[in-house]
Student: 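One structure follows; several queries about it will come next.
A note on names: the letters A, B, ... follow the listed sequences, proteins ahead of strands, and every chain is numbered from 1. Hydrogens, waters and symmetry mates are skipped; everything else that's a heavy atom, side chains included, is used.
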Number of protein chains: 2
Amino acid sequence: METPLSRKLRNYVPLGPVERDMLAEALEPARMVEPRADIVEEGEDPRSVNVIQSGWACRYRQFEDGRRQIISLLLPGDCCDPHIFLLDRRDHAIGALTPVSIARIGATAMAELMSRNAALDLAFHREALAASAIQREWTVSLGRRSGVERLAHLFCELHVRLSAVGLADGTSCPMPLTQPDLADALGQTTVHINRTLQDVRAARLLTLKSRRLTLLDPDGLRRLAKFDPSYLHLQASRVAPRGLEAPGP
Amino acid sequence: METPLSRKLRNYVPLGPVERDMLAEALEPARMVEPRADIVEEGEDPRSVNVIQSGWACRYRQFEDGRRQIISLLLPGDCCDPHIFLLDRRDHAIGALTPVSIARIGATAMAELMSRNAALDLAFHREALAASAIQREWTVSLGRRSGVERLAHLFCELHVRLSAVGLADGTSCPMPLTQPDLADALGQTTVHINRTLQDVRAARLLTLKSRRLTLLDPDGLRRLAKFDPSYLHLQASRVAPRGLEAPGP
DNA sequence: CGAGGCGTTGAGCAGAATCAACAGGAGTGG
DNA sequence: CCACTCCTGTTGATTCTGCTCAACGCCTCG
């Protein structure tokens, strides 16, 4: 059975029906989480893995004074390891941004998957590498990219990541993030995000309405963002670094 | 034999002389790297690991227009995996900030270490978890901490990390970073770093001279930075969250 | 002795925050 | 069904944090 997870892992390693079935069997039935609710609960086995089947979530950190920073965005096919609880205190939380459907791979099932199938083992390792590459890229964005560049870069990243799980077509994808969400992800205020959005819209680079993002000028947007998809380690971006995705059927 | 690496890993898992010796044997003889030179070379086996024996290095990303962002700082005992080369293009480089002594653990030695000794396996896994926790914390700093807070937080982090490898005493530690380095790590300009430094000095929180940092008011600094050492997952910070380090002998 | 990197200072500017207000839409309860 | 509330998106005015440009002293090192 094809799930967002297997779909994504196939970008790192070719997976046959055998591997896909092993994955599907390991996944426990999904549960739903409401927007704004936290996903990972204290006391979970830290070696198990939560996989997003649908919906968007985020790792975030909230200060007492109200400031919030979104540390990373979790899309369908992404894993949120509850490693957070490996030791004493959790340093961040994972929350749903939209209604989210979560499936779990238990600790033992996960261990068996990795030990019994080399391809899956490799795929999960590359997945983890890609996740840290994304985190590093966020560091670069927050540190050295300007407001417009940051916004443009995030949209480029999300479009490619969604493409990798079949949730985007050539130039558009869902964009459930509100402006407050974008602000907390990009380290700015909603007011400023709003104005930056108006700028990129005025530059005819993209449209964003009814929770859908359309790239009007993908190359222009990438140039502006200094976006180089190779850090995502996806097959698609290696095969065709220019025209990112083949047009949908 | 005790190395910065074994010293650090002991913070995650108790290691006996057996494990320490296994580690020491796996380490190939060290090589020196000059400041400003890059450490990891193209073509290295991505599964091997470079361990810093002495000196400071950093992951960084440089744009064509000159902007540089330091993505993370690597201290003695830290591992810099050349995973960077797992796929096509490298997304960042690793460079020496001071003279650096590097030892390598070959790919096969590393694999044997992990498979033959459960404690070491666990220790390396926790090390990796701690590294990503640090990366997340940098995301939070760059996104939502003000100039002073960022600077204060970085100093707190570095002091604790250096303590974990025995390179700091109760209130002071080496600080080879120049103001341009600090600027590139914290996403600001050297001019502004300079002024922020003057502020924290004026507030009698710390002194910084001849490449040495002294925390005059550690608690005040931590409060200012909203620094909670638990994310570093170090034993010391769990045992004594208040008075971070026991005074040296 | 010259060169280059580092640290420091000043003046002026700009990107982003803050404060405030309001319109539109979705959901809720009377 | 309507009034109400809350959240999102938008705009304006003002403030401030941090950047740019520029200059200079200092130190190290060749």
Student: One pair to check against side chain to side chain contact (heavy atoms under 4.5 Å, CB included): A:L158 and A:L154. What are the steps and the verdict?
Tutor: CA-CA 6 Å; A:L158 291 175; A:L154 181 63; 3.9 Å; yes

Student: Using whole Å, report how far CG of A:D199 lies from C1' of C:dG15.
Tutor: 11 Å

Student: Starting at CG of A:L142 and ending at P of C:dA16, how long is that distance when rounded to a whole Å?
Tutor: 12 Å

Student: So if I define the base as every atom that isn't primed, P, OP1 or OP2, how would nucleotides 11-28 of chain D read as a B/S/- string at a heavy-atom cutoff under 4.0 Å?
Tutor: BBB----BSBB-------

Student: Between the two end axes of the helix from C:dC1-D:dG30 to C:dG30-D:dC1, each built from 5 base pairs, what angle do you get to the nearest 10°?
Tutor: 40°

Student: Pairing donors with acceptors under 3.5 angstrom, does anything connect the side chains of A:S172 and A:R212?
Tutor: yes

Student: Starting from P on D:dC7, measure out to CZ on A:R68 and report it in whole angstrom.
Tutor: 13 Å

Student: Using distance alone, with no hydrogens and no angle criterion, decide if A:W138 and B:Q135 have a side-chain donor and acceptor under 3.5 Å apart.
Tutor: no

Student: Could you check whether A:D38 and A:Y60, counting side-chain N and O atoms only, form a donor-acceptor pair closer than 3.5 Å?
Tutor: yes

Student: Hydrogens and angles aside, do A:H92 and A:R61 bring a side-chain donor and acceptor to less than 3.5 Å of each other?
Tutor: no

Student: If I compare all heavy atoms of A:R68 with all of A:D181, which pair ends up nearest, and what's the gap?
Tutor: NH2-OD1, 3.1 Å

Student: Assess whether a salt bridge exists between A:R145 and A:E137, defined as any Lys/Arg side-chain N lying under 4.0 Å from an Asp/Glu carboxylate O.
Tutor: yes

Student: Locate the shortest heavy-atom distance separating B:Q69 from B:A185; write the atom from each residue and the value.
Tutor: NE2-O, 3.1 Å

Student: Rounded to whole Å, how long is the line connecting atom CG of A:D184 with atom P of D:dT8?
Tutor: 10 Å

